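What follows is a set of notes on a single structure, which appears directly below.
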Amino acid sequence: MRWSFYFWYTSKDDPADAEAPSHKYLLKGGFIKQVASGIYAFTPPGYRVIRKIENIIRKEMERSGAQEVLLTVLNPAELWKETGRWELYGRELFTLKDRHGREYCLGPTHEEEITDLVRSFVNSYRQLPFILYQIQVKFRDEKRPRFGLIRGREFIMKDAYSFDTDEFSAMMSYETMRFAYERIFKKLRLNTLMVEASVGAIGGISSHEFVILTDYGEAKVAYCLSCGYSANAEIVKLPLGKQQEEEEKSLQKVYTPNAETIEELSQFLKVPKSKILKAVLYIAQGEPVMVMIKGDREVDENKLAQVIGTENFRLATDEEVYRLFGTQKGFIGPFNVPPSVKVLWDNSTFGIKNAVIAFNEPDYHYINANPERDFSYGDFFDLAQVTEGDPCPKCASPLKVSKGLELGHIFLLGTRYSVPMKAYYKDQQGEDKPLFMGCYGIGISRCMSAIVEQYHDEFGIKWPTVVAPFELDIICLNPSDQEQKSTAEKLYMMAQELGLDVIYDDREASAGFKFADADLCGFPYRIIVGKKVKEGKVELHNRHTGEKTDVPVESAIQVVKELIDKDKV
RNA sequence: CGGGGUGUAGCUCAGGUGGCAGAGCGCUGGCUUUGGGAGCCAGAAGUCGCAGGUUCAAGUCCUGCCACCCCGACCA
C-alpha cells in the first residue's frame, strides 16, 4: 500500500475526549472514528486490525470443530418473547417496528435465534453434538458507553453456541471452547487471566471469564499468587471473622454529634474503621434490609442480590431511615429494630471486640460494645466486597485484587433456552429431551482496545506483528532524491512479492512527520531509506525493542521477512 | 439512572465586568526545505450545540432542551 493513496489520516493533537490509552491512540492514529456515543466506524487500517483478529479467532474456532454461521441483526420480537427476554432484557435492547407495526430488536446476543435455527433442523441425538459460531455486530443500549471500543453500544463479537444431549457431553464442549479460548488469547498476544465467574440470574452451571488486568476495565478480579486461584471478585467467598482476643472493656455512651460517616466517626473517636460496626439500610422490593458490616468494608451488592434473591433493591433514602429508626444515617444500629426490618450480619462482624456501634440514638454512639454482652448477632452471610489481602478461598494466602477487562466469557447454559423454545431431540429411547446448551463470547472490537492497552508507549501503539495493520513500514525520507526514491520503490516491490503486509510511506512530508506517524501507528518493523543509500544501506527499526540496525539494501526485505515469520509462530 | 464537566473554524483551544469572531495545527496557492510532527509569503474557512428570554446590543446573562466526556451501579 502506498500511503500517499491510502485513506489513513492521523492527528497531531491528542483527542479531547479520550482518557484510556487505547481510546486515545486509536482515535489519534486514525483507526476509528466516533459516530455517536459508544458507536464507532473503522477506517481502512482499523478494519485491517479487526480482520486480523477475526481471522485468528476463526482459525482456532474451526480447529476446535466449530462451524461458522451468520445470523441476523434484525430479530423478530416473537423469538424473544418465547424466552421472556423481550421484557427481561429491559432497556438495553434496541427495539424497532417495521412498516406493518411488527416488532424487532437489534440482536444484543443470539441465544434465541440460534436455538430457533437449531430446533428447525435437529430431531435426533444422532445429529449431536455440535458447536456453531458467528462473527457479527451486536447492539446493546448500554447505560454508560465508555473508553472508545472498550464498551460500545454497537460492537463486533464472536459468539458461539454448543448443543449437546446432556450435561456431561456439554461439559466436553465447554472444555473444548475453554482450550480454544486459551489458544486464541495467546495467539492475540493478550495476557489474559481465566477467572471463575458468577453464573448469575440465568441459572447456568459453570462460567469463566477471560480478563486482562487494566485500570480501564470494570470487572474486579481477585487472584492468588501462591495457588493460582482467580475469580471475579463478586463470587469470592469470605469466611467468618476471627475471634479477637482482647480484654472486654466496659460499654460507654459517647456524644458524637454530626458523625454521620464512618470516616468522621473514626477520626472523631480516634478509632480504626475496622473497630466500627456499620449499618447499611437497603430497600429490597419495598422491604427494609439492614446489613451489619465492619466499618472498613463495603457491601458487595452482587452478593447481597444472591442472599436476598432479588436484584431489585436500592439504598434507603434519608427519609426512609428516619421514618424507620427515628434518627439519621450513621446512628442506626441493631437495637430495638422495627420488626419489619430484616437484619443481615456480614461474616466480617463475627468475633469483634470492643467495637463502636450505634443504637438508634441521635448524636450518640457506644464504644467498647461486645457481642453477647451488649448486643446479639443474628444470622451471618457473606456480603462484603473482597479487598486486597483477604484470604484465598482455596489456600488462605492473601489475595491480590485488580480491575479487569472482560474479553471473553464462556458459559454452560443448560436448558434455559431449549426448554421454553421447545428445542428437543429424540434420544435412543425415542423420548423427547431438551438440548443442553453452552454459549461462548469474545468481544472482538474490545480485544482491539485491549491489545493497545497492553502494547503502547508514550509515542503510540506497538502492535504485535500478528494483528498489525501493516507488518512493515518503508519510509522514504526524501522522495525528491531520486536514489532514495528508487531504492524505496524497489524495496516496496520486493516486500509485496514476498507477501509481506507492507505500507510504503511515500508522502511528501518531513522526516519527523513520518517517524511520528510510524510510532503512533505502531508498525512492528520500519525500514528507513535515507542518506545511507549511497553506501548501499538502509536502517531497520524495531518498534517493540527500539533497536536500530543498518542493513544492506539487497538483504533488507529478507531480514524483515524472517523476523516477521518468527513473530507469527 | 444518580453525580461532575464540556460544547466557539476540519482538529486542539482562547475569548474578565455584555459592545466588529480569534490563535495554533490542518487545508489551498507559491517559493525554499527533507534523519524526529519544517520555514517564509498569500489565501479560504464559523448557524459560537439547539430553542426561547432579558437587552439598544448576547459567544458572554437567564430558562429549557440536546449532544459528548468523566465518576458510581450492570455487560463482551
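Here the structure is a predicted model, which is why all the values come from computation and not from measurement. Below, chains carry the letters A, B, ... as their sequence lines are ordered, and counting in each starts from 1.
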Take atom C1' in rU12(B) and the same atom in rG7(B), then report the distance between them in whole Å. 14 Å

May I have the distance from R151(A) (atom CZ) to rG72(B) (atom C1'), rounded to whole angstrom? 11 Å

Choose from rG36(B), rC70(B), rU34(B) the nucleotide whose nearest atom is closest to any side-chain atom of E19(A). rC70(B)

I'd like the P distance from rG46(B) over to rG10(B), given in whole Å. 7 Å

For rC20(B), which nucleotide in any strand shown is its Watson-Crick or wobble partner with both distances under 3.5 Å? none

Is there a donor in the side chain of E406(A) and an acceptor in the side chain of H409(A), or the other way round, less than 3.5 Å apart? yes

pair_partner(rG7(B)), Watson-Crick or wobble, both distances < 3.5 Å, evaluates to rC66(B)

E111(A) CD - rC75(B) P separation (whole Å): 13 Å

R526(A) side-chain proximity, nearest of rC1(B), rG37(B), rG36(B): rG36(B)

Output the rounded distance in Å from CZ (F155(A)) to C1' (rC75(B)). 8 Å

Y216(A) atom OH is separated from rC69(B) atom P, nearest whole Å, by 15 Å

Closer to the 5' end of RNA chain B via nearest nucleotide, is it H23(A) or F210(A)? H23(A)

Can you tell me which nucleotide in rU12(B), rG35(B), rC74(B) comes closest to the side chain of K143(A)? rC74(B)

Say we look at rG64(B) and rG5(B): how far apart would their P atoms be, to the nearest angstrom? 16 Å

What does rC61(B) pair with, Watson-Crick or G-U, if both distances are under 3.5 Å? rG53(B)

Could you tell me whether Q34(A) contacts a base, only the sugar-phosphate backbone, or nothing, with contacts defined as non-hydrogen atoms closer than 4.0 Å? sugar-phosphate

Which nucleotide sits closest to the side chain of R153(A): rA76(B), rC68(B), rG37(B)? rC68(B)

Among rC69(B), rA73(B), rC71(B), the one nearest Y40(A) by side-chain distance: rC69(B)

Determine yes or no for a side-chain-to-main-chain donor-acceptor pair under 3.5 angstrom, with Y161(A) supplying the side chain and H110(A) the backbone. yes

Candidate nucleotides rC25(B), rC75(B), rC74(B), ranked by approach to the side chain of K12(A) - the nearest: rC25(B)

Distance, C1' atom - from rC65(B) to rA57(B), rounded to whole angstrom: 25 Å

Among the nucleotides rG37(B), rC68(B), rA76(B), which one has an atom lying closest to any side-chain atom of A36(A)? rC68(B)

rG72(B) pairs with which nucleotide, Watson-Crick or G-U wobble, both distances below 3.5 Å? rC1(B)

Does the ring of Y455(A) carry R189(A) above it, NZ/CZ under 6.0 angstrom from centre and within 45° of its axis? no

Under a 3.5 Å cut-off for both distances, is rA14(B) Watson-Crick or wobble paired, and to whom? none

If I take atom CG in residue L477(A) and atom C1' in nucleotide rG35(B), what distance separates them, rounded to the nearest angstrom? 6 Å

Base, sugar-phosphate alone, or nothing: which one does F147(A) contact when heavy atoms must sit under 4.0 Å apart? sugar-phosphate

When we call it a touch if two heavy atoms are under 4.0 Å apart, what does E142(A) touch: a base, just sugar-phosphate, or nothing? base

Taken to the nearest whole Å, CG/L407(A) to P/rC75(B) is 16 Å

Between Y216(A) and E19(A), is any side-chain donor less than 3.5 angstrom from a side-chain acceptor? no

When the ring planes of Y440(A) and Y174(A) are compared, do they come out parallel, tilted or perpendicular, using 30° and 60° as the limits? tilted

Main-chain N/O of S4(A) paired with D506(A) side-chain donor or acceptor, under 3.5 Å: yes

For rG30(B) versus rG35(B), give the span between their C1' atoms, rounded off to a whole number of Å. 27 Å

With a 4.0 Å cutoff (strictly under), does any side-chain N or O of R144(A) reach OP1 or OP2 of rA73(B)? no

I'd like the P distance from rU54(B) over to rC62(B), given in whole Å. 15 Å

In whole Å, what separates the P atom of rA51(B) from that of rA58(B)? 14 Å

So, applying side chain to side chain donor-acceptor pair (under 3.5 Å) with N55(A), which one of K52(A), R51(A), R58(A) is it? R58(A)

Working to the nearest 0.5 angstrom, can you tell me the gap between L188(A) CG and K186(A) NZ? 12.5 Å

Among rC69(B), rG35(B), rC71(B), find the nucleotide with the atom closest to the side chain of F515(A). rG35(B)

Test for a donor-acceptor pair under 3.5 Å between the base of rG37(B) and the side chain of D517(A), counting only N and O atoms. yes

Mind checking if A509(A) touches a base, just sugar-phosphate, or nothing, with heavy atoms under 4.0 Å? base

For a quick test of reading the model: is some side-chain N or O of R91(A) closer than 4.0 Å to OP1 or OP2 of rC1(B)? yes

Measure the distance from OH on Y9(A) to P on rC25(B) and round it to the nearest whole Å. 21 Å

Taking only side-chain nitrogens and oxygens of S480(A), does any of them come within less than 4.0 Å of OP1 or OP2 of rU34(B)? no

Check every strand shown and say whether T109(A) touches a base, only sugar-phosphate, or nothing at a heavy-atom separation below 4.0 Å. nothing

Checking all strands, does G408(A) fall into the base, sugar-phosphate, or nothing category for heavy-atom contacts under 4.0 angstrom? sugar-phosphate

Can you tell me if K158(A) uses its side chain to pair, donor with acceptor, with the backbone of G443(A) under 3.5 Å? no

Would you indicate, yes or no, if rU34(B) has its OP1 or OP2 atom less than 4.0 angstrom from a side-chain nitrogen or oxygen of S510(A)? no

Pairing partner of rU33(B), by Watson-Crick or G-U wobble and under 3.5 Å for both distances, is none

Contacts of K403(A) and D17(A) projected onto RNA chain B by closest heavy atom; the upstream (5') one is D17(A)

How is S11(A) classified with respect to the nucleic acid when contacts are heavy atoms under 4.0 Å: base, sugar-phosphate, or nothing? base

Considering just the side-chain nitrogens and oxygens of R146(A), establish if one lies under 4.0 Å of OP1 or OP2 belonging to rC74(B). no

Using the C1' atom as the point on both nucleotides, what is the distance between rA14(B) and rG72(B), in whole Å? 33 Å

Expressed in angstrom and rounded to an integer, what is the separation of N232(A) atom CG from rC75(B) atom C1'? 11 Å

Give the nucleotide from the list rG35(B), rU34(B), rG37(B) with an atom nearest to the side chain of N478(A). rU34(B)

Any base atoms under 4.0 Å from D519(A), or only sugar-phosphate, or nothing? Heavy atoms, all strands. base

Within the distance-only criterion (no hydrogens, no angle test), does the side chain of R151(A) pair as donor or acceptor with the backbone N or O of R144(A) below 3.5 angstrom? yes

Of the options rA76(B), rC70(B), rG35(B), whose atoms approach the side-chain atoms of R140(A) most closely? rA76(B)

